Each structure stands twice: as structure tokens, then as C-alpha cells.
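Only a predicted model underlies this, so the values are computations on that prediction, with no experimental measurement involved. A, B, ... follow the sequence lines: proteins, then strands. Residue 1 opens every chain.
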Protein chains: 2
Amino acid sequence: MVRVTAQDVADAAGVSLATVDRVLNNRKGVRESTVERVMRAMEQLNFERDQAAATLARRRNYRFTFMVPSGETAFFADIRAEIESARAHFTKDRIEINMIMVPPLDPNAIAQEVERLGADIGDGVALVAVESQIVRDTINDLRARGIHVVTFISDVPTSGRERFVGIDNVAAGRVAASLLKRFVHAPEGEIAVVAGSGTLRDHVERRMGFEQVMRAECPHLSVLPWIEGEELAEVVESKLTSLLTENPNVVGLYSIGGGTRGVIDALQGASQNLRVVTTELSAHTRAALISGRIDAVLVQDPSHEVRSAVRILKALTDGTQINEKQERIRIEIFVRDNLP
Amino acid sequence: MVRVTAQDVADAAGVSLATVDRVLNNRKGVRESTVERVMRAMEQLNFERDQAAATLARRRNYRFTFMVPSGETAFFADIRAEIESARAHFTKDRIEINMIMVPPLDPNAIAQEVERLGADIGDGVALVAVESQIVRDTINDLRARGIHVVTFISDVPTSGRERFVGIDNVAAGRVAASLLKRFVHAPEGEIAVVAGSGTLRDHVERRMGFEQVMRAECPHLSVLPWIEGEELAEVVESKLTSLLTENPNVVGLYSIGGGTRGVIDALQGASQNLRVVTTELSAHTRAALISGRIDAVLVQDPSHEVRSAVRILKALTDGTQINEKQERIRIEIFVRDNLP
DNA sequence: TATGATTTGAGGTACGTCAAGCAAAAATAA
DNA sequence: TTATTTTTGCTTGACGTACCTCAAATCATA
């Protein structure tokens with residue numbers, strides 16, 4: 001197996017190495033017809049520039065910034081830990097990762113941080129987006145400056161972000177409904193929903209998906225007005241406790257995210273016939289899965305998401321292809337027996 | 001961020017670059033005390049050799065061989081396709097992948113192929129192991145020759161293989177039981193199990209896990225003697241059809257692997273109260289999930305497994321660390337709504 | 001045809017490591 | 001002490017690409 005080098009391309013195209021180099025790095029001063037000739041040669045020889053050698057020669061360090069909410073949910077704590085660990089891991093690939101914490105759910109904070117960082121923001125940004133015009137504008141400004149942007153966990157599809165790294169949250173909601181539909185044996189009853197925040201697109205979408213399926217396929221189950229827990233365990237617990245007292249016929253529960261600990265605490269005295277699906281894989285949900293108090297947990301793997309965001313940002317700055325299969329973020333279903 | 005180079009280490013240790021290089025590639029001719037001094041310097045400076053530059057300089061091509069069964073199950077067809085795709089994908093990292101097909105379930109064939117290949121087998125091997133002394137010996141011989149070995153999909157833990165790339169199959173069986181336990185609403189009934197082959201350790205383990213949970217937690221469900229389908233759709237279909245006719249009270253079904261198409265065909269006329277968990281994500285299982293004829297599919301991601309095996313073999317030959325989180329192969333649960 | 005602008009070639013240096021060979025220094029043996 | 005072996009330093013040339021300069025060739029325009 002012999003690698004095709006830029007020199008080979010030069011020979012094939014009948015030009016010098018310097019010209020191939022100019023084409024490769026689209027420097028100016030090459031006639032259009034020559035560019036095409038070189039391109040053809042590259043295709044024919046199936047030339048792939050050696051990225052390792054290139055970054056070596058370039059003395060290039062990739063610099064990416066992660067902007068994540070400073071909130072205290074278990075999930076974002078995980079995310080931050082994974083970013084730290086990725087920072088260490090990726091130095092060997094000359095990738096420098098910068099983590100910026102921003103107050104959660106605050107579009108202005110994102111915009112301000114981006115402004116404050118200026119050029120220090122590096123070659124690319126991964127940010128947990130909040131649905132807002134300010135964020136859209138910020139993203140578009142970054143793109144206009146040639147900085148790559150991926151949204152992360154929570155998307156703003158209508159912005160110029162190049163990619164979204166995360167799960168399809170509508171589908172996640174549908175999965176939750178689909179599971180509860182199968183888990184709940186009662187011929188009729190109520191379903192409780194503990195919502196997280198309504199500002200992040202992800203939670204809204206999950207609820208949408210959940211209700212779609214419930215409405216369409218579970219006429220025997222009625223979804224109660226959802227509880228807003230503000231992602232705070234204490235709030236969740238007290239609200240859920242009173243809901244369960246007031247509605248003795250709750251047979252299913254979906255916790256959309258944030259404050260899951262409160263859900264588990266509130267379930268202490270609940271009926272054994274109450275089937276539960278939550279999000280977040282923490283010590284609490286693990287214990288509850290093992291004890292059988294909850295039935296399934298729907299998760300996105302933070303470790304995978306961080307790695308994926310880094311790889312995608314690198315591919316974007318290198319202008320190389322993205323391996324779709326590798327970057328597919330799964331909606332993972334954990335039951336007691338496939339806990340990692 | 002400045003990279004620490006071998007030259008920096010040399011300066012810190014008060015030796016020349018050449019000596020650092022000797023230590024780095026454990027060449028002989030360096031006094032023990034000097035080796036230690038260099039090592040200390042490397043630790044202090046937190047030196048990480050630049051693998052990219054190293055492979056570039058070494059003019060090294062990694063060569064790995066995948067030995068996979070030539071069988072016709074959808075799963076192994078997928079695996080082979082993924083290996084092909086990995087072969088293309090990894091050339092840019094100077095990794096050459098060789099795929100050898102061996103007759104399924106035949107330990108001698110594996111041994112013979114290894115012998116036939118000789119040194120052509122390259123730097124490492126990934127093989128779908130069959131439980132057998134011959135295979136154990138073959139693996140140990142390879143290791144003795146300094147060739148790295150990982151088992152793949154199906155393990156032989158008592159051999160000298162350095163890693164197993166695949167899922168915990170006992171756990172997979174437990175998951176299946178755990179799901180069926182929740183899916184089945186009937187107060188009592190029978191559970192049918194369609195087994196694959198008994199020679200591959202993976203299927204045996206899945207059955208173990210399944211029966212563990214069923215026995216311990218589902219006294220109201222009795223597991224019927226399992227059907228041996230020999231991984232052939234036709235055989236599975238006919239055997240399962242007669243089983244369902246003879247046992248009208250079958251309320252749950254677990255298909256362990258191989259010939260899943262036959263399962264689906266046999267289910268055509270079955271009771272709507274029959275809950276079904278299978279393996280393998282194919283066009284057939286997809287369609288059946290969507291139609292609701294089956295409830296869940298348990299899968300291991302072939303694409304991930306192949307990439308993981310390659311990365312692990314590379315890390316082993318480089319002597320670098322393995323990123324455990326990245327290499328965790330998931331027991332994936334697919335329902336209708338999280339299909340990729 | 002002369003002029004200037006654009007395009008191309010040639011060549012060098014660098015990136016961090018590997019892999020040699022040879023000479024010098026140090027340690028060990030006689 | 002001298003001879004021998006072992007250890008170390010020094011140097012050089014790759015690997016494939018980037019990036020720069022300078023000169024030569026080609027082209028367009030007046």
C-alpha cells in the first residue's frame with residue numbers, strides 16, 4: 001500500500017509541487033485551467049492529503065471553545081467534566097479546548113462572552129444554544145468571521161450553525177411515551193409529566209414528542225398538566241408529591257430532565273404500579289433503576305457528545321469529511337441490566 | 001500552548017536527543033540510570049510523543065487482519081460491510097485492513113488461516129472467536145509472536161487475547177428478560193426463546209442472562225424449551241410456527257440471534273398479545289418495529305465495533321492508552337421511535 | 001515590441017520523530 | 001597502565017506538507 005503524495009499529483013498533472021501546494025491551500029496565482037488540471041489529477045490518483053503531516057508542518061494548533069451553562073444539573077456537570085477530560089485527551093492531537101461557563105438560559109450572556117473573547121475564541125465554537133434572536137445573530141456573526149459553529153445538546157436550527165451535536169429530542173419524547181405505553185398495565189389512568197425548563201428547545205421538543213404518541217396511541221391514558229420543576233430537585237419533589245396525593249390514579253410518569261433527584265425522592269411512598277421513565281444517568285437514577293423504583297432512563301452520552309463536537313469542529317476547520325455513523329448521537333435507553 | 005518535544009526532554013535530562021530517542025523506542029545501549037533520568041524528565045515535563053510525527057518518520061503502515069465468519073446472517077453481513085468501509089476510512093491514518101472470511105463455527109479453519117497468512121497477518125488481529133482449545137492455542141501463538149489480538153463479538157476470556165470488543169452478552173440476555181417482564185401484561189403464560197447457535201459463546205451467554213432474570217423475577221411466566229433455528233430463517237419459521245400452534249398461551253418471545261426474518265414471518269398470524277424482543281437491526285426488524293409487530297430490538301453497533309477494534313489494535317501497537325469511554329460497546333435498545 | 005502583470009518552477013526551511021553511522025567519552029576488564 | 005566494551009553525543013537524511021522567496025516563463029495590453 002503506497003500513499004499518494006502531493007508530488008505524485010504534481011507529476012501526474014505536469015506541474016510543480018509548488019503549484020499543487022497552491023491549489024491545495026487555495027492560494028492565489030494559479031490559472032483556472034491549471035487548477036482544474038490539478039484537481040483532476042488529485043481525483044484520478046485518489047489523493048488524500050496527509051492531515052498529520054499537514055498539521056505538523058503548519059505548526060498549527062486547533063483552538064475550540066465550548067460554551068456551556070453553569071447550571072447545577074447532573075447532566076451539565078457531566079458535560080463539563082467530559083470537556084475537561086477531552087481537553088487533556090486531545091492535546092496530543094494539537095487541539096486546545098477552552099471551556100467557558102455562561103449563566104444558563106441567558107442569550108445575552110452568550111453574546112457578551114463571544115464579544116469579550118474576540119479572536120481568542122479560536123477556530124470553532126460549540127455552544128448550548130438558547131432559542132433567541134440574539135443567539136441566532138451571534139452564531140451568524142461568528143460564521144461571517146469564518147469561525148465554525150456547532151450547536152450542542154440544544155439546537156437553533158434556523159441559525160447558520162453548521163451542525164447540531166445531540167439527539168433528536170422529539171424522538172426522545174416519543175420513545176418515553178412508547179415505553180410507558182408498554183410498561184403501564186392498568187386499563188386506564190393518568191400520566192404525570194415533570195418538565196424541565198421551557199426555554200431550552202430540547203425540553204420543549206421532548207414534551208411534543210411525548211404528547212404526540214400519547215394522544216395518538218394511548219386513549220386510555222390521560223396526560224395531566226405538566227409540572228414545572230425549574231430543574232430544582234426540591235421544587236420538583238414538593239410539586240410532584242402533592243400531584244401524586246391529589247391524583248391517586250397516576251399510573252405513569254415521564255421526567256423530561258432536570259431535578260430528577262426530586263422525582264425519585266417524591267416516589268418513595270408512591271404506588272408500586274406507577275411506571276417511571278426519566279432522563280439523566282446519575283447515582284440517584286442508577287440506584288432507582290436497580291431497586292426497580294424507576295423502569296427506564298433515557299440518556300444521551302455526554303462523553304460521546306463532547307468527542308463528537310470536537311471531531312466535527314476539527315473536520316470543519318480541516319475541510320475534511322465527517323464520518324456520519326461515528327457522529328450519530330444515540331437516544332440511549334437504560335434499564336437495570338444494561339447500565340454501564 | 002506549547003508542545004513538549006523530545007528535544008525539551010533531552011535538555012531537561014541533560015542528555016542528547018539521540019539518547020532520548022533510544023529510550024523512547026527502547027533501543028539498547030543506554031545505562032539503566034540514564035534511562036531513569038530520561039523517564040523522570042519525561043514525566044516532569046509531561047511529555048507525550050507526537051504519534052503523528054512518529055508514524056510519519058517511521059514510514060510505518062499499520063496492518064491489521066479481521067477474521068470474520070462467512071455466514072449469511074444479517075449481522076455478519078453488516079460487520080463485513082463495516083470492515084470494508086473502515087478499510088477505506090482508515091487508509092488516511094496509514095492503517096491497512098485485511099479481511100479474511102472463515103467458515104463459521106470452525107476452530108480449525110481459524111487456525112489454518114492464521115498459519116497460511118504467516119507474517120502477512122500484520123501487526124494485529126481481530127477475530128470472532130469460537131470457544132475451543134484450538135482457538136485458544138492459536139491466539140496464544142500469535143501473542144507469543146508479538147502480534148496483538150483482540151476478540152470480536154464473541155470472546156474467549158481464558159485465552160491470551162488482550163481485549164474483547166463487544167457487548168456483555170449475559171447482560172443483553174438480562175435486558176431482554178427485563179423488558180419482556182415489563183411488556184407482558186398477562187397474569188401468566190409462556191415465553192418462547194429462539195436460540196441461535198450454541199457454539200458461539202455469545203448466544204449461550206444471552207440465554208443464561210435471560211433465564212436468570214426470568215427464573216428470579218417472573219414466576220408467573222414459564223420459559224418453554226428453546227427452539228434451535230441454526231440461524232436459518234426457514235428453519236426458524238417452521239419450528240416457531242408449530243410451537244405457536246401447539247402453545248396458544250405464549251405471551252412473550254425472545255429471539256437470541258440469527259434468522260430473525262423467520263421469526264417475523266412466523267409472527268404473521270400470531271396473537272396481538274404476544275410481546276416480542278429480538279436482535280439484529282435489518283430491514284425486516286425495522287419494518288416489524290414500525291408496524292408494532294415486535295416491541296424492541298437489542299443491538300450492538302457493528303460500525304462502532306469495527307472502529308473500536310481498529311483503534312484498540314492501533315493503541316496496542318503504539319503502546320498508547322485506550323480511551324475506555326469511547327470503546328464501551330453499548331447494548332442498544334431500539335424501539336420504534338429511536339430507530340436511526 | 002516593449003511593458004507590466006500574472007502564472008509557474010525551483011529551492012529552501014521547518015514541523016517532531018525515526019533511524020542510522022561514526023566518533024568521542026566513559027566505564028570496565030585485563 | 002592499556003585494551004576493550006559500553007554508553008553517549010553529534011550529525012544527517014528521511015517522512016509529507018506548509019510556506020516563503022526569487023527567478024523564469026507566459027500572458028495581456030498598449
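Under the 4.5 Å side-chain criterion, counting only non-hydrogen atoms from C-beta, Leu24(B) is in contact with Arg49(B).
The CG atom of Asn140(B) sits 8.5 Å away from the OG1 atom of Thr158(B) when rounded to the nearest 0.5 Å.
Distance CG (Asp93(A)) to P (dC15(C)): 20 Å, rounded to an integer number of Å. Distance, Asn26(B) CG to dC18(C) C1': 13 Å, rounded to whole Å. When the C1' atom of dC15(C) is taken as reference, atom CG of Asn61(A) falls 12 Å away, rounded to whole Å. Atom CZ of Arg60(A) is separated from atom P of dC19(D) by 9 Å (rounded to the nearest Å). At whole-Å resolution of the value, CG in Leu56(A) and P in dA14(C) are 14 Å apart. Straight-line distance from the CG atom of Asp50(B) to the P atom of dA14(C): 18 Å, rounded to whole Å. Between Asp11(B) atom CG and dG16(C) atom C1' the separation is 14 Å, expressed in whole Å. Separating the CZ atom of Phe47(B) from the P atom of dG16(C) is a distance of 11 Å, rounded to the nearest angstrom.
Residue-level contact check: Asp21(A) touches the bases, meaning some heavy atom is under 4.0 Å from a base atom.
Among residues two or more places apart in sequence or in another chain, the side chain to side chain donor-acceptor pair (under 3.5 Å) test is passed with Arg116(B) by Glu113(B). In terms of the salt bridge (Lys or Arg N to Asp or Glu O under 4.0 Å) criterion, residue partners of Glu324(B) (sequence neighbours excluded) are, by chain and number, Arg163(B).
Here dG16(D) is the nucleotide among dG16(D), dA19(C), dG16(C) with the atom lying nearest to any side-chain atom of Ala57(A). Closest contact between the side chain of Arg58(A) and the listed nucleotides dA18(D), dC18(C), dC15(C) involves dA18(D). Nearest nucleotide to the side chain of Arg94(B), out of dA19(C), dC15(D), dT17(D): dC15(D). Of the candidate nucleotides dC15(C), dC18(C), dT17(C), dC15(C) has the atom lying nearest to any side-chain atom of Arg59(A).
For Arg27(A) and dT7(C), the shortest distance from a side-chain N or O to OP1 or OP2 is not below 4.0 Å.
With a 6.0 Å cutoff to the six-membered ring centre and a 45° limit on the axis angle, Arg80(B) does not count as a cation-pi contact of Phe76(B).
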Between the protein and nucleotides 6-10 of chain D, which nitrogen or oxygen pairs come in under 3.5 angstrom?
unit_1 : atom_1 : unit_2   : atom_2 : d
dT7(D) : O3'    : Arg31(B) : NE     : 3.4
dT7(D) : O3'    : Arg31(B) : NH2    : 3.3
dT8(D) : OP1    : Thr34(B) : OG1    : 2.1
dT8(D) : OP2    : Arg31(B) : N      : 2.5
dG9(D) : OP1    : Ser16(B) : N      : 3.4
dG9(D) : OP2    : Ser16(B) : N      : 2.7
dG9(D) : OP2    : Ser16(B) : OG     : 3.1
dG9(D) : OP2    : Thr19(B) : OG1    : 2.5
dG9(D) : N7     : Arg22(B) : NH1    : 3.4
dG9(D) : O6     : Arg22(B) : NH2    : 2.8

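Looking at Asp93(A) and Tyr62(A), their side chains never bring a donor and an acceptor atom within 3.5 Å of each other.
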Next item on the list: Test side-chain contact (heavy atoms from CB on, under 4.5 Å) on Thr91(B) and Glu48(A) and set out the steps.
Entry: CA-CA 9 Å; Thr91(B) 46; Glu48(A) 273 182 283; 4.0 Å; yes

